[in-house]
Amino acid sequence: QVQLTESGGGPVQTGDSLTLSCTASRRIYSSAVMGWFRQPPGKEREFVGLRRWNTGRTNYADSVRGRFTISPGNSPDTVYLQMSNLKPEDTAVYFCAYGIQSSTAASDYTSWGQGTQVTVSS
């Protein structure tokens, strides 16, 4: 099973940009779907976006569409979540996840990172 590690979180101001990285323990296979989820304080984990690796097709939650982009990293084991125009409601622990289905359901992903905190202040 692939291990995932997120990095790049931290405190930012409203309107700032931030890029999170997710590094896998091996090359991301073309059959993979890489997802990003987040868990705001006191709330359930929610879908942010996904990228199907072989086609590059993406899907985003309405709340982040147009502001967040999932893209391949600079190495074959990395995926980025590029976030712009950040808002206080984006404050959450962000997780990357590995699966094989283009699904918005967390239960369809088989491997998860430990999460990285993003805090957006107004």
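For this chain, numbers begin at 1 and follow the sequence in order. Note that this is a predicted model, so its numbers are computed, not measured.
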Do side-chain atoms of [X] reach the backbone of [Y] as a donor and acceptor pair under 3.5 angstrom?
| X | Y | result |
| --- | --- | --- |
| R52 | I100 | yes |
| T58 | L50 | no |
| Q114 | T5 | no |
| R38 | A92 | no |
| S111 | V2 | yes |
| Y109 | W36 | no |

Contacts under 3.5 angstrom, residues 16-32 side chains, donor-acceptor by atom type, not counting sequence neighbours:
residue : atom : partner : partner atom : Å
D16     : OD2  : Q13     : N            : 2.9
S25     : OG   : Q3      : N            : 2.9

Exercise. Under 4.5 Å between any side-chain heavy atoms of L4 and M34, yes or no?
Worked result: yes
Exercise. When you check the side-chain N and O atoms of S71 and Q82, is any donor under 3.5 Å from an acceptor?
Worked result: yes
Seminar exercise, completed: In short, Y80 meets P72 closest at the heavy-atom pair CD1-O, 3.9 Å
Exercise. Do the rings of Y94 and F68 sit parallel, tilted or perpendicular, given the 30° and 60° boundaries?
Worked result: tilted
Problem set entry | Charged N-O contact under 4.0 Å between K87 and D90 | no
